[in-house]
Amino acid sequence: MHVPDGLISDPIQLGVYAVVYIILMAIILNKYRKNHTEKNIPIIALFAAAILIVQLVEIPLPVPACVHVSLITVMALYDLESSTLVYTFVTIAQAFMGEGGISTMGINLLNLAIFAPIIAYYSYQFIQRYDKNLALFVSGFITITLLGVIVSIEYAIAGTYPITFGLTVITPIEMIIGVIEGVVTIVVMNALLKVKPELAPALTQ
């Protein structure tokens with residue numbers, strides 16, 4: 001869920017989000033360099049291109065946001081650190097394609113490239129011991145739903161919308177999108193397991 005230009009205009013708030021993203025991303029990049037090699041770059045590029053194309057298909061909503069299937073869980077379960085890089089590239093590209101925003105890039109990067117993959121990854125890990133398909137669905141669902149809650153809080157802090165609007169309008173709609181995300185996550189992950197199991201390592205463990 002992107003925050004478009006104009007809805008959060010406080011430069012201090014936007015600056016704080018950008019700084020937090022930069023600090024967290026620096027920590028992740030340092031860890032990434034220790035655990036990966038140049039051989040991982042083609043996979044990152046492949047995922048980035050595929051996710052960017054998938055996210056071109058938007059679902060119209062009666063709220064100030066752009067919503068689409070994100071495949072966040074699919075990417076996060078391939079590799080959590082790589083997913084932050086992929087969604088950084090995707091989010092920046094989308095901003096210059098008119099989706100999301102330039103002024104709000106920091107907050108979108110923090111939400112989509114940091115918070116979302118972490119939520120997706122650990123949601124799956126917590127539930128997969130019981131049932132992997134259930135874990136895939138819940139991971140996709142809860143990630144999108146919590147993004148709605150996070151953005152609602154950010155709007156409330158900025159004074160854009162009261163928190164009641166976010167929690168009663170934005171978040172319920174995100175829950176519906178979360179159901180779609182959860183179903184798509186199950187389908188895509190099981191398809192990868194059959195065709196390219198190395199891209200779905202979480203299901204082979």
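Distance check, rounded to the nearest 0.5 Å: CG of Asn133 to CG of Leu203 gives 7.5 Å. Between the CE atom in Met25 and the OG1 atom in Thr84 there is a gap of 3.5 Å [rounded to 0.5 Å]. A distance of 8.5 Å separates NZ in Lys132 from CG in Leu193, rounded to the nearest 0.5 Å. Taking OG1 of Thr145 as the start and CD1 of Ile170 as the end, the distance is 13.0 Å to the nearest 0.5 Å. We find the CD1-CE distance between Ile142 and Met175 to be 8.0 Å, quoted to the nearest 0.5 Å. The structure places CD1 of Ile102 at 9.5 Å from CD1 of Ile92, a figure rounded to the nearest 0.5 Å.
As a member of the Ile/Leu/Val/Met/Phe/Trp/Tyr network built from side-chain separations under 4.5 Å, Val19 groups with Ile23, Ile27.
The list of ring pair (Phe, Tyr, Trp, His ring centres under 6.0 Å) pairs with a residue in residues 3-42, not counting sequence neighbours, reads Tyr32-His36. Legend: salt bridge (charged side-chain N to carboxylate O under 4.0 Å, His left out) pairs involving residues 181-191, not counting sequence neighbours: none detected. Identified under the ring pair (Phe, Tyr, Trp, His ring centres under 6.0 Å) test for residues 83-108, with sequence neighbours left out: none.
Taking 4.5 Å as the limit, some side-chain heavy atom of Ile43 sits within range of a side-chain heavy atom of Leu199. Considering only heavy atoms from C-beta on, Ile118 stays 4.5 Å or farther from Ile28 through its side chain. Between Ile144 and Ile180, the closest side-chain pair of non-hydrogen atoms is not below 4.5 Å. The shortest side-chain heavy-atom distance between Tyr155 and Val3 falls under the 4.5 Å cut-off. The shortest side-chain heavy-atom distance between Leu110 and Phe115 falls under the 4.5 Å cut-off. Using a 4.5 Å heavy-atom cutoff, the side chains of Ile8 and Leu14 are in contact. With a 4.5 Å cut-off on side-chain heavy atoms, Ile127 and Ser139 do not count as touching. In this structure, the side chains of Tyr122 and Leu80 come closer than 4.5 Å at one or more pairs of heavy atoms.
Side-chain atoms of Asn108 do not come within 3.5 Å of backbone N or O of His2 as any donor-acceptor pair.
Here Glu154 pairs with nothing under the salt bridge (charged side-chain N to carboxylate O under 4.0 Å, His left out) rule; sequence neighbours left out. With sequence neighbours excluded, the residues satisfying salt bridge (charged side-chain N to carboxylate O under 4.0 Å, His left out) with Lys196 are Glu198.
Scanning both residues, Gly101 and Ala95, for their nearest heavy atoms gives O-CB, 3.6 Å. Closest of all the heavy-atom pairs between Thr143 and Ala116 is CG2-O, 3.6 Å. For the residue pair Thr73 and Ala120, the shortest heavy atom distance occurs at OG1-CB, 3.5 Å. The two residues Pro201 and Leu77 come nearest to each other via the heavy atoms CG-O, 3.6 Å.
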Test side-chain contact (heavy atoms from CB on, under 4.5 Å) applied to Ile150 and Ile119, step by step: CA-CA 12 Å; Ile150 290 169; Ile119 293 170; 4.2 Å; yes

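The aromatic rings of Tyr78 and Phe47 are tilted relative to each other, their planes meeting at an angle between 30° and 60°.
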